[in-house]
Structure formats: structure tokens, C-alpha cells
Amino acid sequence: MRYTVPTPTSVDELLQRANRLTGQSFAQLAKIANLHMPNDLKKDKGWVGMMLEQHLGASAGSKPLQDFPDLGVELKTLPVDEQGQPLETTFVCVAPLLNTSGLNWLNSNVRNKLSCVLWIPIDGRRAVPLAKRVVGQPFLWRPTNEQEQALQSDWEEHMDRIALGEVESITARQGEFLQIRPKAADGSALTEAVGPNGQMIQVRPRGFYLKKTFTRAILEQVFNAV
DNA sequence: GTCTGATCATGT
DNA sequence: ACATGATCAGAC
């Protein structure tokens, strides 16, 4: 029997539900959801995210949509260390490599996903057994004008390179806050892209990720506010 | 293959 | 020590 909760019908309801998860251990939450409790995340990298989706009633699926489309809210876990600092970059979405001419920041998938995020900090310390790690304090976030401008600037820089057939020259060092890195099942996954001379080439699929400096600033903005 | 959910683990 | 590039699992 799968554990399901109804999709929240308001942001308030979602936040109330999320707040109830604060301080609960992964073992407790896995038991409630009838989920197998892995020993670590080596072969279950998305386990915490999937589990929290179930507890919050996120519309499951592999569609490139927000987790709560009716509320316009995206759910993201954020693994942090003992000092509350992000331990990992944050995957946003796949980077489009083909037919990019009609794309702009305003209609981009990155902007859509990041326009309103329910961040859930989670204990990411590898030294702590997964079952004993706990959920942190969730919070709803919308980018400030400054943050959005910075993201737009990075996004446009990346998309210019992709459109110019330079996807293979993009490294994770580019972009101040938004980077592009491989995103694939393994080294054999290939997809089409535009090459240096305008020809079709096969490349590793790429994804947009938020650098830790960006998510660190969000955490500071929220938890160290006056 | 596409997308979702991400973290791993090696190079520097 | 830490970020980059690589990889893991599952739905479709």
C-alpha cells in the first residue's frame, strides 16, 4: 500500500504540512510512508526528495512542470552540513540544446522553476546514518529582483553559447550562480545539439544547477535576517 | 531516448 | 578540501 496525501489546495496548506515535517527523522518519515529505508544515498540519490514529495502530496510524475502546478510552487530539498551550509549544488532542469531560437528568460524553464520554491533544508551529513538525519525548517522563497537579474544574466550567457554551437566548450566554471553540467544516467547517454559549424552533434545531456554560493545566500537571507 | 529526484567520487 | 564531471534509480 502506497502512502499518499491529497494535493494541497493552497500555499498555506502546503506550508502547514511542510512545517509539520520539521525535526522529524528520515526513519520516522520513511515508516509513515511505507518506504524502504536505504543505508545511504549512494544508489538512492533522490530518495529524500521523493519521500518528501509523498509527504507533501506533490503531483508525482516526470513532467517538466513545477511540483505543485496549481500553486505555482516548486519543491527542492537542500542538503546542509552542521553549520547549515549547502553541501551540494541544486539541480534546476535540463538545458535545451536544440531549437533554442524562440527561448528567452521570461519563458524559460529555469525561471519558471525558480519563480517560487519551497526549500526544505535537510541534514546532509554523510557521517550521520541516513535514518537518523532530520528535516530542517522549510521556507517559501521567491527570487529578489537582484537575484533574478543575476540568474537571467547567467542563463543568457549559457544559452548564447548553446545557440552558437559552443555547448561542448561550456564548463561548470562559467556562470556566476547558474552553471551547466552533465546530467545523464551514465556516460553512454547522448542527445543532439548544434556543433561549431552549425551541424548536428551528439553530446552528453546537460542540466542547469544553482551554485552553492547562491543557495548559501538564500539560507542567510532567510535564517540570519535581522 | 526523455524527464523527474539528486549525490557521488575523483581530479585538482 | 572542494567543485567538476560522472553517475544512480525510476517513470514513461
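FYI, side chains are in, hydrogens and waters are out, and symmetry mates aren't considered; it's all heavy atoms of this structure. Each chain gets a letter, A, B and so on, in the order the sequences are listed, and its residues count up from 1.
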Please state how far atom [atom1] in [X] lies from atom [atom2] in [N], giving the value in whole angstrom units.
{"X": "F91(A)", "N": "dT7(C)", "atom1": "CZ", "atom2": "C1'", "answer": "13 Å"}
{"X": "R173(A)", "N": "dC2(C)", "atom1": "CZ", "atom2": "P", "answer": "17 Å"}
{"X": "R206(A)", "N": "dA6(B)", "atom1": "CZ", "atom2": "C1'", "answer": "18 Å"}
{"X": "D67(A)", "N": "dC3(B)", "atom1": "CG", "atom2": "P", "answer": "16 Å"}
{"X": "E88(A)", "N": "dT4(C)", "atom1": "CD", "atom2": "P", "answer": "12 Å"}
{"X": "K211(A)", "N": "dT7(B)", "atom1": "NZ", "atom2": "P", "answer": "19 Å"}
{"X": "L41(A)", "N": "dA6(C)", "atom1": "CG", "atom2": "P", "answer": "22 Å"}
{"X": "L87(A)", "N": "dA1(C)", "atom1": "CG", "atom2": "P", "answer": "14 Å"}

- Please figure out whether M50(A) or P205(A) has its closest DNA chain B nucleotide nearer the 5' end. P205(A)
- Closest-nucleotide 5' rank along DNA chain B - winner of I122(A) and L190(A): L190(A)
Distance below 4.0 Å between [X] side-chain N/O and [N] OP1 or OP2:
{"X": "R204(A)", "N": "dA6(C)", "answer": "yes"}
{"X": "K212(A)", "N": "dA3(C)", "answer": "yes"}
{"X": "T191(A)", "N": "dT2(B)", "answer": "yes"}
{"X": "Q179(A)", "N": "dT4(C)", "answer": "yes"}
{"X": "R126(A)", "N": "dC8(B)", "answer": "yes"}
{"X": "T77(A)", "N": "dA6(B)", "answer": "yes"}

Sort me out a list of protein N/O and nucleotides 8-12 of chain C N/O pairs below 3.5 Å, or just none if empty.
none

- Query: On a plain distance test, is the side chain of Y209(A) in donor-acceptor contact with the base of dA6(B) below 3.5 Å?
  - Reply: yes
- Checking K183(A) against F91(A): charged group under 6.0 Å from the ring centre and within 45 degrees of the axis?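 Yes.
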- On the ring face of Y209(A), is R181(A) found with NZ or CZ under 6.0 Å from the centre and within 45° of the axis?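 Judged by the rule (NZ or CZ under 6.0 Å from the ring centre, within 45° of its axis), R181(A) counts as positioned above Y209(A).
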- Message: Using 30° and 60° as the class boundaries, would you call the ring planes of F214(A) and F177(A) parallel, tilted or perpendicular?
- Response: tilted
- Message: Students often get this wrong, so: under 4.0 angstrom with heavy atoms, is E74(A) touching a base, only sugar-phosphate, or nothing?
- Response: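 E74(A): backbone/sugar contact only, no base atoms under 4.0 Å.
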- Query: Counting any heavy atom closer than 4.0 Å, what does T213(A) reach on the DNA or RNA strands: base, sugar-phosphate only, or nothing?
  - Reply: nothing
Check [Y] with [X], please: is the shortest side-chain N to carboxylate O separation under 4.0 Å?
{"X": "E148(A)", "Y": "R111(A)", "value": "yes"}
{"X": "R216(A)", "Y": "E220(A)", "value": "no"}
{"X": "R126(A)", "Y": "E88(A)", "value": "yes"}

- Message: As a test of reading the structure: which of dG5(B), dA6(C), dC8(B) is closest to the side chain of K113(A), going by heavy atoms?
- Response: dG5(B)
- Task: Just compare dT4(B), dG5(C), dG5(B) and give me whichever is closest to any side-chain atom of R181(A).
- Result: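 Nearest to the side chain of R181(A) among the choices is dG5(C).
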- Counting distance only, does the side-chain N/O of H55(A) pair as donor-acceptor with the main-chain N or O of V5(A) below 3.5 Å? no
- Query: Hey, mind stepping through Q152(A) and E156(A) against side-chain hydrogen bond (donor to acceptor under 3.5 Å, both in side chains) and telling me if it holds?
  - Reply: CA-CA 6 Å; Q152(A) 175 174 358; E156(A) 289 174 346; 2.9 Å; yes
